[in-house]
Amino acid sequence: MSGNPAVVMRLVASAYAMAEKAGAIVRRVLQSGELGIVEKTGANDLQTLADRLVQQSICASLSKSFPKITIIGEEDLPEEAVKEDLIESGQSEDILQKSCPAEYSALKEEELVVWVDPLDGTKEYTEALTLTHLQPNHQWLLDHVTVLIGIAYGGKAIAGVINQPFFNYQLGTESADMGRTLWGMPGLGAFGFELQEVPDGRRIVTTTRSHSNKLVTDTVDAMEPHDVIRVGGAGNKIIQLVEGKASAYVFASLGTKKWDTCAPEAILLAVGGKLTDMHGSALCYDANVKHMNSAGVLATLRNHQYYASRVPQSVLQALKP
């Protein structure tokens with residue numbers, strides 16, 4: 001691309017490089033065997049050394065390269081100096097070469113909000129290590145782990161980067177092919193994966209693995225699915241949608257936050273999908289919104305209206321935006 005790339009393209013190109021570095025940090029911490037786990041609000045809400053290091057890496061790197069953007073990260077970390085080796089200043093040349101969609105070409109740094117989930121699927125990350133020592137077949141949980149960097153403007157998700165640190169984990173920890181980074185931008189497209197759809201007529205719902213309740217199960221049942229997949233991580237569930245393993249992501253409960261959904265929503269939008277709350281209303285990613293997605297999450301690649309229409313009235317009454 002000739003000339004100076006648009007701010008948002010430089011931001012996405014940087015976020016891509018930061019996500020790749022984050023994936024390497026996540027793998028390194030797991031391989032060390034020292035996860036440094038602390039409970040935040042309980043056994044299902046954990047934080048590890050990888051969460052802390054990745055958030056420091058991404059947020060410090062973003063602040064250094066884009067000092068005027070607003071950055072909101074999941075982890076509430078103390079202010080402290082970040083080690084130089086955590087700073088990533090590289091950019092994806094492939095992304096810099098792409099043409100910015102016209103509607104985003106004049107955006108300024110201070111208009112952009114970045115939502116960061118340093119390690120989505122922390123519970124599965126910790127289980128994969130503890131279970132690996134007992135039963136190696138639990139390593140499949142590593143597929144659930146992602147790093148999420150979402151970019152928003154005017155309250156809307158306009159770009160997203162997802163790193164899947166353990167993609168191809170079957171090849172072994174020394175493989176140079178482990179891990180991948182997906183990214184997307186509405187109006188430009190999505191990259192790093194092959195878009196696939198569930199066969200026509202099949203309703204396959206992906207939902208939570210560890211945070212289920214009656215609202216969730218009632219809603220899933222109301223969709224009349226042919227199959228239900230229970231997996232961890234919001235990022236992973238959106239990957240299920242765009243790779244044709246599921247047709248709807250249904251989570252009729254509190255639990256997900258804006259940093260869980262911003263990056264995945266942008267990628268889903270880039271391929272024609274849709275993500276809303278259970279009422280069918282858009283999520284807002286302004287800097288001052290509440291972080292909790294209090295009316296749940298409904299995401300689809302196609303046929304969003306069908307799934308939205310099936311949500312029970314009792315669930316809609318229980319989940320207030």
Side-chain angles (χ1 to χ4, degrees), residues 72 74 113-117 120-121 144 146-162 164 182-190 192-193 195-198 203-208 211 215-216 219-220 223 225 229 231-286 289-311 315-316 319 321:
I72 304 173
E74 174 179 8
V113 181
V114 181
W115 293 87
V116 178
D117 189 340
D120 186 37
H144 299 192
T146 58
V147 176
L148 307 174
I149 305 175
I151 299 165
Y153 163 70
K156 297 190 172 103
I158 65 164
V161 178
I162 299 179
Q164 204 173 13
L182 303 72
W183 72 278
M185 197 171 182
L188 185 59
F193 64 96
L195 180 66
Q196 296 183 52
E197 299 191 29
V198 169
R203 290 187 300 279
I204 304 175
V205 169
T206 182
T207 191
T208 182
H211 297 88
L215 289 176
V216 174
T219 309
V220 169
M223 305 295 173
I229 304 169
V231 295
N236 177 43
K237 293 182 186 74
I238 297 302
I239 292 174
Q240 305 270 321
L241 294 184
V242 300
E243 294 196 320
K245 297 183 178 75
S247 44
Y249 162 27
V250 177
F251 187 57
S253 181
L254 302 178
T256 70
K257 313 282 202 315
K258 298 298 186 296
W259 45 72
D260 292 305
T261 51
C262 185
E265 179 176 350
I267 291 174
L268 194 56
L269 288 172
V271 293
K274 190 168 184 178
L275 187 150
T276 65
D277 66 16
M278 300 311 292
H279 296 266
S281 302
L283 301 186
C284 178
Y285 297 100
D286 277 336
V289 296
K290 63 180 179 181
H291 296 163
M292 179 70 74
N293 293 323
S294 53
V297 175
L298 176 64
T300 58
L301 186 59
R302 306 284 179 258
N303 305 319
H304 196 84
Q305 186 51 43
Y306 166 81
Y307 292 96
S309 72
R310 305 291 300 186
V311 180
V315 172
L316 295 176
L319 295 176

Self-check item: Partners meeting ring-ring contact (aromatic ring centres under 6.0 Å, His included) with H291 (sequence neighbours left out)
Solution: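 If we apply the ring-ring contact (aromatic ring centres under 6.0 Å, His included) test to H291, skipping adjacent residues, the hits are W115, W259.
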
Quiz item: So, for G160 and A266, which heavy atoms are closest and what is the spacing to 0.1 Å?
Solution: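 So the two residues come closest at N-CB, 3.5 Å.
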
Quiz item: Among pairs that include at least one residue of residues 234-256, which meet salt bridge (Lys or Arg N to Asp or Glu O under 4.0 Å), considering only residues two or more places apart or in two chains?
Solution: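 Checked against salt bridge (Lys or Arg N to Asp or Glu O under 4.0 Å) - neighbours excluded - the pairs reaching residues 234-256 are R180-E243, E243-K245.
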
Quiz item: Which residue pairs pass the salt bridge (Lys or Arg N to Asp or Glu O under 4.0 Å) test when at least one of the two sits in residues 290-303, sequence neighbours left out?
Solution: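 Sorted result for residues 290-303: E197-R302.
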
Is the shortest heavy-atom distance from the side chain of [X] to the side chain of [Y] under 4.5 Å?
{"X": "Y285", "Y": "I158", "answer": "no"}
{"X": "T261", "Y": "Y249", "answer": "no"}
{"X": "S247", "Y": "N303", "answer": "no"}
{"X": "D286", "Y": "V113", "answer": "no"}
{"X": "L319", "Y": "D277", "answer": "no"}
{"X": "V242", "Y": "L268", "answer": "yes"}

Quiz item: Would you say N293's side chain and G296's backbone share a donor-acceptor pair under 3.5 angstrom?
Solution: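 Pair absent, no side-chain N/O of N293 close to backbone of G296.
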
Practice problem: Examine distances only and state if a side-chain atom of D117 and a backbone atom of L148 form a donor-acceptor pair shorter than 3.5 Å. | Solution: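 Checking the backbone N and O of L148 against the side chain of D117, no donor-acceptor pair under 3.5 Å is found.
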
So how far is it from [X] [atom1] to [Y] [atom2], rounded to the nearest 0.5 Å?
{"X": "L241", "Y": "I238", "atom1": "CG", "atom2": "CD1", "answer": "5.0 Å"}
{"X": "I204", "Y": "Q240", "atom1": "CD1", "atom2": "CD", "answer": "10.0 Å"}
{"X": "Q164", "Y": "H144", "atom1": "CD", "atom2": "NE2", "answer": "9.5 Å"}
{"X": "L182", "Y": "I267", "atom1": "CG", "atom2": "CD1", "answer": "5.5 Å"}
{"X": "E265", "Y": "K258", "atom1": "CD", "atom2": "NZ", "answer": "10.5 Å"}

Self-check item: Worked check of side chain to side chain contact (heavy atoms under 4.5 Å, CB included) between L283 and V289
Solution: CA-CA 10 Å; L283 301 186; V289 296; over 6 Å; no

Exercise. Could you walk me through whether F251 and T256 pass the side chain to side chain contact (heavy atoms under 4.5 Å, CB included) test, one step at a time?
Key: CA-CA 9 Å; F251 187 57; T256 70; 3.7 Å; yes

Quiz prompt | Verdict with reasoning, K257 to D260, per side chain to side chain contact (heavy atoms under 4.5 Å, CB included) | solution = CA-CA 5 Å; K257 313 282 202 315; D260 292 305; 3.8 Å; yes

Exercise. Could you go through the side chain to side chain contact (heavy atoms under 4.5 Å, CB included) check for T219 and L298 one step at a time?
Key: CA-CA 10 Å; T219 309; L298 176 64; over 6 Å; no

Quiz item: Which of these passes side chain to side chain contact (heavy atoms under 4.5 Å, CB included) with Y307: R203, M278, K274?
Solution: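 The side chain to side chain contact (heavy atoms under 4.5 Å, CB included) with Y307 is passed solely by R203 among R203, M278, K274.
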
